[in-house]
Number of protein chains: 2
Amino acid sequence: MKKGHQVTMKEIAKKLGVSVSTVSRALKDSPELHADTKTRIVEMAKSMNYQYNLLAQSLRISRSKVLGVIVPELTSHFFSSNISGIQDTAYKRGYNIMICQSNESFEQEKANVRTLVSSQVDGLLISLSRETKSYEHLQELYDREIPFIMFDRVTEEIPVSKVTVDDAHGAYLVVHHLLEQGFKKIAYFSGPEDLYISKKRKEGYLEALKEFGIPEKESRVYITDLTFEMNRKITLDMLQEQDRPDAIFAMIDPLAVEVMMILKENGVRIPEDIALAGFTNNPTSAVVEPSLTTVSQPGYEMGQLAANHLLDQLDELVSDDPQTFVLLTTLVARNSTKKTPKS
Amino acid sequence: MKKGHQVTMKEIAKKLGVSVSTVSRALKDSPELHADTKTRIVEMAKSMNYQYNLLAQSLRISRSKVLGVIVPELTSHFFSSNISGIQDTAYKRGYNIMICQSNESFEQEKANVRTLVSSQVDGLLISLSRETKSYEHLQELYDREIPFIMFDRVTEEIPVSKVTVDDAHGAYLVVHHLLEQGFKKIAYFSGPEDLYISKKRKEGYLEALKEFGIPEKESRVYITDLTFEMNRKITLDMLQEQDRPDAIFAMIDPLAVEVMMILKENGVRIPEDIALAGFTNNPTSAVVEPSLTTVSQPGYEMGQLAANHLLDQLDELVSDDPQTFVLLTTLVARNSTKKTPKS
DNA sequence: CTGTTAGCGCGTTCAT
DNA sequence: ATGAACGCGCTAACAG
């Protein structure tokens with residue numbers, strides 16, 4: 001399909017017998033212009049359906065007014081909330097966003113960085129893939145002074161601003177809640193150990209245990225790669241144990257929901273036999289039976305904050321010193337952790 | 001933050017004492033070039049961290065290699081699946097995507113179209129907002145020969161390609177299933193009547209009824225504006241009826257899930273007292289209790305198809321004649337519509 | 001083999 | 001009050 005020709009200032013100028021710069025001035029309402037010519041030009045532009053060419057503008061001023069966004073996946077509710085916050089904020093401040101998904105692949109993430117930089121985005125908002133364990137691509141951005149910040153899936157290796165939630169505290173909250181309800185043997189179902197959130201949430205888990213006098217060596221950590229098969233395996237294995245846990249804190253809601261299904265299949269009552277809690281507060285968690293206790297992460301607000309901070313840096317409203325924003329998480333106590341009278 | 005300076009061909013040229021065009025030729029591996037100069041240039045480019053400027057390229061060739069995408073909202077699972085399909089496809093074919101959300105607002109949608117056009121996107125993929133009832137903004141795109149196609153939320157007023165699912169057939173499938181299970185008095189909980197999908201799904205509903213000998217005048221259609229309050233109201237009103245329905249087909253899953261909650265609160269057993277089905281197959285629907293019968297829409301595939309078709313048009317691999325693609329939906333029968341032995 | 005010229009659409013000089 | 005010239009980064013056409 002041949003793209004329909006776009007009217008340019010040049011054509012308007014020609015039609016009216018004026019110069020291009022006059023048209024330019026008229027269109028941006030410059031004061032030093034005869035009112036007549038101005039109206040003539042503006043009207044002609046309207047009648048010719050003239051549309052400003054942002055690309056040319058970008059080239060001229062070396063600023064594209066576009067932010068690049070890289071997320072591991074677009075379909076997770078949490079990331080799409082982030083993006084929604086970023087998009088709304090960027091839009092309000094006159095920016096567009098270009099979106100890539102790494103699909104949790106390191107190579108893809110590097111490629112995404114390249115194409116966004118090539119596209120001359122003014123800054124990037126990045127949430128790292130699960131595979132990302134080395135950071136040369138980010139270091140390069142840093143060295144080349146291309147503004148970017150990280151959100152949610154961050155690394156401390158690069159000194160740029162970050163926006164995260166208080167993972168450790170959130171985990172602490174939920175485990176504390178379990179202990180307070182009277183559960184004693186709390187398991188932590190963790191994702192891969194090298195994941196930032198796996199570590200952080202474990203910290204909170206251990207801290208809550210400690211507060212209730214349970215030493216780390218009595219902690220019960222189960223590791224899964226988050227595949228369905230392995231989730232199932234660790235759950236069933238756990239059920240076989242002699243001294244099995246009476247409560248499970250699963251690192252993320254989708255894991256918790258899978259565990260819930262498996263427990264129910266096996267006739268385990270929740271919370272009577274085993275209590276269960278997650279993290280993220282996905283929409284799903286409110287509607288499962290029993291409703292799932294979890295920790296609410298403000299995804300949309302994270303996106304807003306991240307975008308606003310990056311734009312503030314770009315507009316030099318704040319200094320470039322890296323800042324770390326930690327958003328509060330809140331406990332959402334539901335039925336899956338309700339202590340029943342007896343037991 | 002001042003953006004770090006990007007190295008240009010000009011600088012490489014200067015440093016090496018050659019002309020810019022020579023650099024250009026070397027970098028795109030032109031054959032008519034002395035091997036030596038080529039290597040010298042390529043190496044210098046690498047050492048200087050040269051990065052190609054896509055923006056300049058775009059201006060030159062009047063093609064940005066960017067697709068614009070407008071969706072009503074980013075956080076719905078269905079739309080984020082669409083976007084995921086679009087993004088993956090575009091990326092594979094060397095395009096980036098710029099995303100806007102209309103937030104279901106007509107004004108916002110018009111504004112989105114403007115900014116994307118201004119940004120010189122090569123084409124647009126649009127899913128209409130709920131509010132959109134007039135189509136001048138699309139007509140203008142059409143008149144100006146800016147390639148675009150519509151997906152999911154489409155209108156037949158504009159002769160461009162469209163990608164939809166077979167709404168009527170999907171509704172037919174699920175209502176047919178209900179009737180086959182032995183339910184007799186099937187209600188249709190519909191969104192606003194002027195919505196395309198409200199109409200289409202009603203068609204399928206009526207067709208299934210007809211097939212089982214139920215005339216249209218005995219149909220039971222309840223209209224809601226999809227707010228929580230109104231959903232609640234129509235559900236409670238329905239429960240008061242003398243001759244109340246024994247099954248409900250809700251236009252979309254989120255509505256179905258809300259209705260499920262309300263029914264359960266009121267002691268109505270599902271499916272024993274009233275069966276319930278939805279449409280979309282959101283992740284949530286699989287995990288509610290009872291699991292929700294619904295119709296599966298291939299969101300990711302829709303995105304892929306839409307993007308591929310638009311790019312095919314842009315690359316002139318297919319003609320510009322508008323085509324309508326209708327993707328198949330499939331019934332996902334679950335427990336919420338299981339006919340119990342007795343009753 | 002390589003350099004010069006010109007132009008993509010725009011806006012900012014600097015003239016007039 | 002308006003026009004001409006220049007440059008943003010890049011490449012195709014034309015010269016040599």
Euclidean distance, atom CE of residue B:M9 to atom C1' of D:dA12 [Å, nearest integer]
13 Å
Whole Å only: how far is the CD atom of B:E11 from the P atom of D:dG9?
8 Å
Picking from A:L116, A:T132, A:L141, A:I149, what satisfies side-chain contact (heavy atoms from CB on, under 4.5 Å) with A:I126?
A:L141
What is the nucleic acid contact for A:L33, judged by heavy atoms within less than 4.0 Å: base, sugar-phosphate only, or nothing?
sugar-phosphate
To the nearest 0.5 Å, atom OG1 of B:T164 lies from atom CD of B:Q297 at 10.0 Å
Applying a 4.0 Å non-hydrogen cut-off, can you work out what A:S58 is touching in the nucleic acid: base, sugar-phosphate, or nothing?
nothing
State whether B:E107 and B:K110 are salt-bridged, where the test is any N-O pair (Lys NZ or Arg NE/NH1/NH2 against Asp/Glu carboxylate O) under 4.0 Å.
yes
Which whole-number value in Å describes the distance from B:R63 CZ to D:dT11 C1'?
17 Å
So does B:D312 pair up with B:R93, basic N to acidic O under 4.0 Å?
yes
How long is the line joining NZ of A:K14 and P of D:dA4, in whole Å?
14 Å
Would you kindly compare B:R60 and A:Y52 by the position of their nearest DNA chain C nucleotide and give the one closer to the 5′ end?
B:R60
Is it the case that A:T115 and B:N96 place a side-chain donor and acceptor less than 3.5 Å from each other?
yes
Carboxylate-amine/guanidinium proximity below 4.0 Å for A:E140 and A:R144
yes
Under 4.0 Å from any heavy atom of chain B: name the first and the last nucleotide of DNA chain C that qualifies, 5' to 3'.
C:dC1 to C:dG9
Rounding to an integer number of Å, can you tell me how far B:Y50 OH sits from D:dG9 P?
10 Å
Could you tell me whether A:K133 and A:E157 have a side-chain N and a carboxylate O separated by less than 4.0 Å?
no
Nearest-nucleotide wise, let me know which of B:H34 and A:K10 is further upstream toward the 5' end of DNA chain C.
B:H34
Of A:I61 and B:S21, the one whose nearest nucleotide on DNA chain D sits closer to the 5' end is A:I61
Atom-pair distance (NZ on B:K65; C1' on D:dC10), nearest Å
16 Å
Quiz question: going by heavy-atom distance under 3.5 Å, is there a donor-acceptor pair between the base of D:dA1 and the side chain of A:T22?
no
Listed nucleotide nearest any side-chain atom of B:R25, set D:dA13, D:dT2, D:dA5:
D:dA13
Using whole Å, what does the distance between atom P of nucleotide D:dT2 and atom CD of A:E32 come to?
10 Å
Between A:K38 (NZ) and D:dA1 (C1'), how many Å, whole number?
11 Å
Classify B:V18 by what it touches in the nucleic acid, base, sugar-phosphate, or nothing, heavy-atom distance under 4.0 Å.
sugar-phosphate
